[in-house]
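As a basis for the values below, the full set of heavy atoms in this structure was taken, side chains included, without hydrogen atoms, waters or symmetry mates. Every chain is numbered from 1 and lettered A, B, ... according to where its sequence line falls, protein lines coming before strand lines. These numbers were taken from a predicted model, which means no experiment stands behind them.
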2 protein chains.
Amino acid sequence: MNEAKAPETEKAEPFQRLGEIGLSNFAPYLMNRIMGRYNADLRQEMTGLGLTTPKMRALAVLSVIDDLPISDLAVYAVVEQSTLSRALEQLASDGLVRRDPDPNDSRVTRIGITETGRAALDQLWPSMARVYAQMFKGIPAEERQAFVTTLQKMLKNIRKHDF
Amino acid sequence: MNEAKAPETEKAEPFQRLGEIGLSNFAPYLMNRIMGRYNADLRQEMTGLGLTTPKMRALAVLSVIDDLPISDLAVYAVVEQSTLSRALEQLASDGLVRRDPDPNDSRVTRIGITETGRAALDQLWPSMARVYAQMFKGIPAEERQAFVTTLQKMLKNIRKHDF
DNA sequence: GATTTATAATTGCAAATGCATATTATTTTG
DNA sequence: CAAAATAATATGCATTTGCAATTATAAATC
């Protein structure tokens, strides 16, 4: 009577529990495991350069999209606004980023990366590339591409902002 | 999917920078963004249940693999050993987990989940399942499966332990 | 156009985190 | 088998984090 007439892809399962899925089939678990290692591996390198994860993330984002309002940067960099505020304080005093008041909205401070900031990131990049390569070792280009495509869909599904 | 020109899977590129790859094509970036949202979304629910991310992760793992040494649990749950130690202290005093001395090695404490612990996780599970479903919304089963398969390979590539 | 509401960024503060170290138990080695 | 090296867990402590409240500005509403 109360048969589920589910459209296949969406929600057909009554409610599978984690134990039934299994950790190694549960994507969020695997992703947390992988990113935990990725971030831990990089943290070591960062420490040597006087960087922290929030600082590094801010620089990495700014190396691609410059001159961002702090609130946008927080979203891109996946760092809490207040944490980022303090990280930027240090980055600015170390000369790795620049703070420019937004001409149109005086509440906004726009952050740009400096040459020194780029240089710092360049020092870290080999490690990032190495860990990245390690992660995808033995995975063919086509599979990598499909993987990224799925990730892009997932981000669209889950994000709370327009970017 | 356009035919790839390059047969090389390993390392052929001279050294592409992040700016050239672009944030939205850089898998670790996308994964951090997605997991950042996933974890933030759940944190809210957890707070209501008196749980934190480390506590929740420990319970989730234990619901699948019970009776783990603390050191193994730390790996599975992606939580720092010292952080986990303190999280377990609280979980035990709240009666959500049990601590049993290992009969063969008296350095080891094995952690098991209690009925109360399972009940707490059951309360959280609907939210986890909801965010999980949201993440994969519109992504066909086949693509999901391929995605998980790639994740499994990646974990094998990057992990430092045998599990 | 004055008042309410919303947004950007900073900051105070308590709690959480992670590193280094301590403690206890086990394994290895000479 | 004593001494040294290794392993599992706990803990001291300085730092980091995130929430809530604050300040300052802008937008909306009446």
Q: Are L151(A) and T149(A) side-chain neighbours, meaning at least one heavy-atom pair lies under 4.5 Å?
A: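 SC-SC contact between L151(A) and T149(A) ruled out.
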
Q: Starting from P on dT16(D), measure out to CD on E80(B) and report it in whole angstrom.
A: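 Rounded to whole Å, this separation is 15 Å.
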
Q: What's the CG-C1' distance between L73(A) and dA9(C), to the nearest Å?
A: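 These atoms are roughly 13 Å apart.
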
Q: Taking only side-chain nitrogens and oxygens of T83(A), does any of them come within less than 4.0 Å of OP1 or OP2 of dG18(D)?
A: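 Result: yes.
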
Q: What is the distance, to the nearest angstrom, from the CG atom on L91(A) to the C1' atom on dT16(D)?
A: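 In whole Å, dT16(D) C1' lies 15 Å from L91(A) CG.
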
Q: Classify the ring geometry of Y38(A) against F26(B): parallel below 30°, tilted from 30° to 60°, perpendicular beyond 60°.
A: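 Ring orientation of Y38(A) relative to F26(B): perpendicular.
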
Q: When you measure from the side chain of I70(A), which nucleotide among dT9(D), dA9(C), dT11(D) comes out closest?
A: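 In terms of side-chain proximity for I70(A), the closest of dT9(D), dA9(C), dT11(D) is dA9(C).
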
Q: Using whole Å, what does the distance between atom C1' of nucleotide dA24(D) and atom CG of D102(A) come to?
A: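 That distance rounds to 15 Å.
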
Q: Counting side-chain heavy atoms from CB outward, which of dT10(C), dA9(C), dA10(D) is closest to R99(B)?
A: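 The answer is dA10(D).
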
Q: Detail all sub-3.5 Å separations between protein N/O atoms and N/O atoms belonging to nucleotides 23-25 of chain C.
A:
unit_1	atom_1	unit_2	atom_2	d
dA25(C)	O3'	S106(B)	OG	2.5

Q: More than 12 non-hydrogen atoms from neighbouring residues, nucleotides or ligands closer than 6.0 Å to CD on Q44(A), yes or no?
A: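 No - once you tally the heavy atoms of other residues, nucleotides and ligands closer than 6.0 Å, there are 12 at most.
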
Q: Just the rounded figure in Å: distance from P of dA8(D) to CG of L68(B).
A: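 From L68(B) CG to dA8(D) P: 13 Å.
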
Q: Given atom CG of D72(B) and atom C1' of dT9(D), what is their separation to the nearest angstrom?
A: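 In whole Å, dT9(D) C1' and D72(B) CG are 13 Å from each other.
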
Q: So S82(A), base contact, sugar-phosphate only, or nothing? Heavy-atom distance under 4.0 Å.
A: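 Base, at least one base atom sits under 4.0 Å.
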
Q: Does the pair R17(A)/D122(B) count as a salt bridge with the N-to-O cut at 4.0 Å?
A: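 Salt bridge: yes.
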
Q: May I ask you to say what R110(A) touches in the nucleic acid, namely base, sugar-phosphate or nothing, with a heavy-atom cut-off under 4.0 Å?
A: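 Nothing, no heavy atom under 4.0 Å.
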
Q: More 5' along DNA chain C: L84(A) or T52(B), using each one's nearest nucleotide?
A: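 With L84(A) and T52(B) compared, the 5'-side residue is L84(A).
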
Q: What is the distance, rounded to the nearest whole Å, between atom CG of D67(A) and atom P of dA8(C)?
A: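 Atom CG in D67(A) sits about 17 Å away from atom P in dA8(C).
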
Q: Any N or O donor-acceptor pair under 3.5 Å from the base of dG18(D) to the side chain of R86(A)?
A: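 Present.
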
Q: Q81(B) CD to dA22(C) P: how many Å, rounded?
A: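 That distance rounds to 16 Å.
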
Q: Once the angle between the rings of Y132(B) and F136(B) is folded into 0 to 90°, is it parallel (under 30°), tilted (30 to 60°) or perpendicular (over 60°)?
A: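 Perpendicular: the ring planes of Y132(B) and F136(B) meet at over 60°.
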
Q: Taking all non-hydrogen atoms of both residues into account, name the closest pair between L84(A) and A58(A) and its distance.
A: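 Scanning both residues, the minimum pair turns out to be CD1-CB, 4.0 Å.
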
Q: Any luck finding a side-chain donor-acceptor pair between Q134(B) and D41(B) under 3.5 Å?
A: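 The criterion, which ignores hydrogens and geometry beyond distance, is not satisfied for D41(B) and Q134(B).
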
